[in-house]
Amino acid sequence: SQTIHQWPATLVQPVGSPLSLECTVEGTSNPNLYWYRQAAGRGLQLLFYSVGIGQISSEVPQNLSASRPQDRQFILSSKKLLLSDSGFYLCAWSPHGILGAGNTIYFGEGSWLTVV
Amino acid sequence: AQSVAQPEDQVNVAEGNPLTVKCTYSVSGNPYLFWYVQYPNRGLQFLLKYITGDNLVKGSYGFEAEFNKSQTSFHLKKPSALVSDSALYFCAVRASQAGTALIFGKGTTLSVSS
């Protein structure tokens, strides 16, 4: 079966410091990978998605970037965090296929980021 | 542009009563519709989806949802609510055209009282 791991679970970082959140998926090959942010425990905002190694699409201009150095690894980064970057970040995956197919997206357990 | 609306921020039901969490959508063409549940400080868990076929979809934990094309709705239902069903529920929609992302509603908090 497929599993998704995301870490760290919680993170408190000062303004201006760098960020690295990591996500790996096991039990599948060439998945579509996603980073979402959830603010105030409500709506989800798609930040980035990737359909293959080195292929990153950004949905919203951010102080953030994403990379996919390996097939099942997805990293969310920032060089200098802002207070507004605080939130709950969710990594997710869906089976390989054309973006827009009826594949289910499966989520990791999330990472709480507090920028102070 | 595609969008999804969950008109109720919160739904309150008594344990044992039926529950409904509402969702309406707007897409060009045929929709793919999903329901997810989120418990506090956890990731989203997939409940069910409608792709094509039977309008009544059955999912995990006794939940079901009915696709209504004329009303552009996909309401989540359960015949008998449990206290453990209390959580945040998200409806999501994706257009069937390639290259479109999954768009989530703002979520509805379900509170089941004993």
Side-chain angles (χ1 to χ4, degrees), chain A residues 1-11 21 23 25 32-52 55-60 66 87-114, chain B residues 1-10 23 27-53 57 59-60 65 67 74 86-111:
Chain A
S1 64
Q2 299 85 12
T3 57
I4 178 169
H5 302 282
Q6 183 180 345
W7 70 94
T10 59
L11 196 59
L21 299 179
C23 172
V25 180
N32 293 338
L33 296 172
Y34 310 83
W35 279 110
Y36 283 86
R37 177 167 62 195
Q38 185 177 26
R42 302 297 294 206
L44 283 87
Q45 179 185 36
L46 177 63
L47 301 176
F48 302 95
Y49 67 88
S50 171
V51 298
Q55 301 178 60
I56 309 294
S57 296
S58 175
E59 288 294 296
V60 182
F88 191 48
Y89 289 82
L90 291 155
C91 182
W93 74 276
S94 64
H96 172 70
I98 298 171
L99 203 69
N103 291 323
T104 300
I105 293 181
Y106 299 95
F107 287 82
E109 288 299 310
S111 297
W112 273 108
L113 171 65
T114 303
Chain B
Q2 55 187 29
S3 64
V4 59
Q6 294 181 242
E8 301 157 316
D9 285 342
Q10 179 147 349
C23 172
V27 297
S28 299
N30 295 320
Y32 296 143
L33 295 155
F34 300 78
W35 275 103
Y36 288 83
V37 59
Q38 185 180 33
Y39 297 98
N41 299 315
R42 303 292 299 275
L44 277 69
Q45 296 179 31
F46 168 71
L47 282 178
L48 51 81
K49 68 180 179 182
Y50 171 82
I51 302 300
T52 187
V57 179
S60 305
F67 170 61
F74 190 56
S86 299
L88 183 58
Y89 290 81
F90 289 97
C91 181
V93 65
R94 175 195 283 153
S96 57
Q97 294 94 323
T100 58
L102 191 61
I103 303 299
F104 286 82
K106 293 185 176 181
T108 298
T109 299
L110 173 66
S111 179

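Every heavy atom of this structure was used, including side-chain atoms; hydrogens, water molecules and symmetry mates were not. Convention: sequence-line order gives letters A, B, ...; per-chain numbering from 1.
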When you compare the side chain of L44(A) with that of Y36(B), does any pair of heavy atoms fall below 4.5 Å? no

Tell me, please, which residues at least two apart from S3(B) pass side-chain contact (heavy atoms from CB on, under 4.5 Å). S26(B)

If you round to the nearest 0.5 Å, how far is CD1 of I51(B) from OG1 of T104(A)? 6.5 Å

Using non-hydrogen atoms only, which part of T108(B) is less than 4.5 Å away from chain A: side chain, backbone, both, or neither? backbone

Quick one: side-chain hydrogen bond (donor to acceptor under 3.5 Å, both in side chains) partners of E8(B), sequence neighbours excluded? none

Find the one option among D9(B), I103(B), L33(B) whose heavy-atom pairs under 4.5 Å with chain A are most numerous. D9(B)

F104(B) vs Q38(A), side-chain contact (heavy atoms from CB on, under 4.5 Å): CA-CA, chis, key distance, verdict: CA-CA 11 Å; F104(B) 286 82; Q38(A) 185 177 26; over 6 Å; no

Heavy-atom cut-off 4.5 Å, strictly under: side chain, backbone, both or neither for Y50(B) against chain A? neither

Need one label for I105(A): side chain, backbone, both or neither, based on atoms under 4.5 Å from any heavy atom in chain B. both

So which of Y36(A), Y106(A), F88(A), F107(A) has the largest heavy-atom pair count under 4.5 angstrom toward chain B? F107(A)

Within this structure, what is the CD-CG distance for the pair E109(A) and N41(B), rounded to the nearest 0.5 Å? 10.5 Å

Please answer whether the main-chain N or O of G110(A) pairs with a side-chain N or O of R42(B) as donor and acceptor at a distance below 3.5 Å. no

